[in-house]
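Take a look at the structure set out below.
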Amino acid sequence: MAPLRFALPNKGSLSAPAAQMLAEAGYRVNRSGRELIVADPANDVQFFFLRPRDIAVYVGEGSLDVGITGRDLLLDSTVSAKEILPLGFGRAKFFFASKPGTIDDAAGLEGKRIATSYPNLVEQHLDDLNIKAHLVRLDGAVETAVELGVADAIADVVETGITLKTSGLETFGTPILKSEAVLIQGDTVADTPESVRAVEILHRRLQGVLIARRYVILDFDCPAEAQEEAFKLVPGIESPTVSPLAREGWVAVRSLVPRDDAPFIMDELWRVGARAILVSSLDTCRI
């Protein structure tokens, strides 16, 4: 069986979080230097470290099986690779921007020059809006294009907006796209049952990490007469786990709860009579 060929960003904002997520999922992706290929024989995977913009192309053309890249880069590539799992990091919005007071909405782009590093994505969006504009393709940062007279507006990924403000620009209209890191797959993966199974395992492992990041384990002791009220606060994924305690009339309860809600749930559990309330983090899981 050939190893699963996996493309990872070699640099940029997606690189470290992607490697961290895979490590949490049980894969060995550490590079001792700047190697382009790292083998993980225990999981029968080969990792290829590539430019983020090239990953969708390699996967879409069938040279590699799966990869992690940005949704914006995937859509701009126009290849046949498909998104199979959003990964929850690298979130950003894709906006049009211009000098304040010059263009108020997307309709104002008619006939204008738009600088972007994502020409295919922007062209498709403009076609959907029935707007005709001239696209100026730039490979690097596009924020200076308006100031230098190359364009009337830009279309780019906006994470914090600080860079735009520094360049004297502001966004307008609704987001063109909401992007984040995504796991992508090529059509050729379905060629063998072994490859299909390897991708299924990968998908399940990454889902386990995503769930572990969103949930915590909540343990508490509760009077038996208050357990039904407590269960309403901690319904769990299927249902809470309940065990009798040596102390008569009390039960021990364990359940998964959303991480962000845990402090409020603990307050309410205390109110209904629960004690010894403990929260534990998850490393990963299978739900």
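The basis for the numbers below is simple: all heavy atoms, side chains too, and nothing from hydrogens, waters or symmetry mates.
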For [X], does the [atom1] atom have more than 12 heavy-atom neighbours from other residues, nucleotides or ligands under 6.0 Å away?
| X | atom1 | value |
| --- | --- | --- |
| Lys99 | NZ | yes |
| Asp283 | CG | no |
| Tyr58 | OH | no |
| Arg197 | CZ | no |
| Arg137 | CZ | no |
| Glu110 | CD | yes |

For residues [X] and [Y], report the shortest heavy-atom separation together with the two atoms involved.
| X | Y | answer |
| --- | --- | --- |
| Ala115 | Leu138 | CB-CD1, 3.9 Å |
| Lys112 | Ala133 | O-CB, 3.4 Å |
| Ser117 | Val142 | OG-CG1, 3.7 Å |
| Pro9 | Ile55 | N-CD1, 3.4 Å |
| Trp270 | Arg275 | O-NH1, 3.0 Å |

key: Value rounded to 0.5 Å, distance of CG in Asp44 from CG in Asp40   = 8.5 Å
query = If you round to the nearest 0.5 Å, how far is CZ of Arg53 from CG of Asp76?
reply = 5.5 Å
message = Less than 4.5 Å apart, side chain to side chain, heavy atoms only: is that true for Leu206 and Met21?
response = yes
key: Residue pair Leu282 / Leu256, side-chain heavy-atom distance below 4.5 Å   = yes
query = Taking 4.0 angstrom as the limit, do Glu268 and Lys232 come out as a salt bridge?
reply = no
query = Quick one: do the Gln124 and Asp128 side chains pair a donor with an acceptor below 3.5 Å?
reply = yes
query = Which pairs count as salt bridge (Lys or Arg N to Asp or Glu O under 4.0 Å) when at least one residue sits in residues 246-260, sequence neighbours excluded?
reply = Asp219-Arg254
query = Does NZ or CZ of Arg28 come closer than 6.0 Å to the centre of the six-membered ring of Phe47, within 45° of the ring's axis?
reply = no
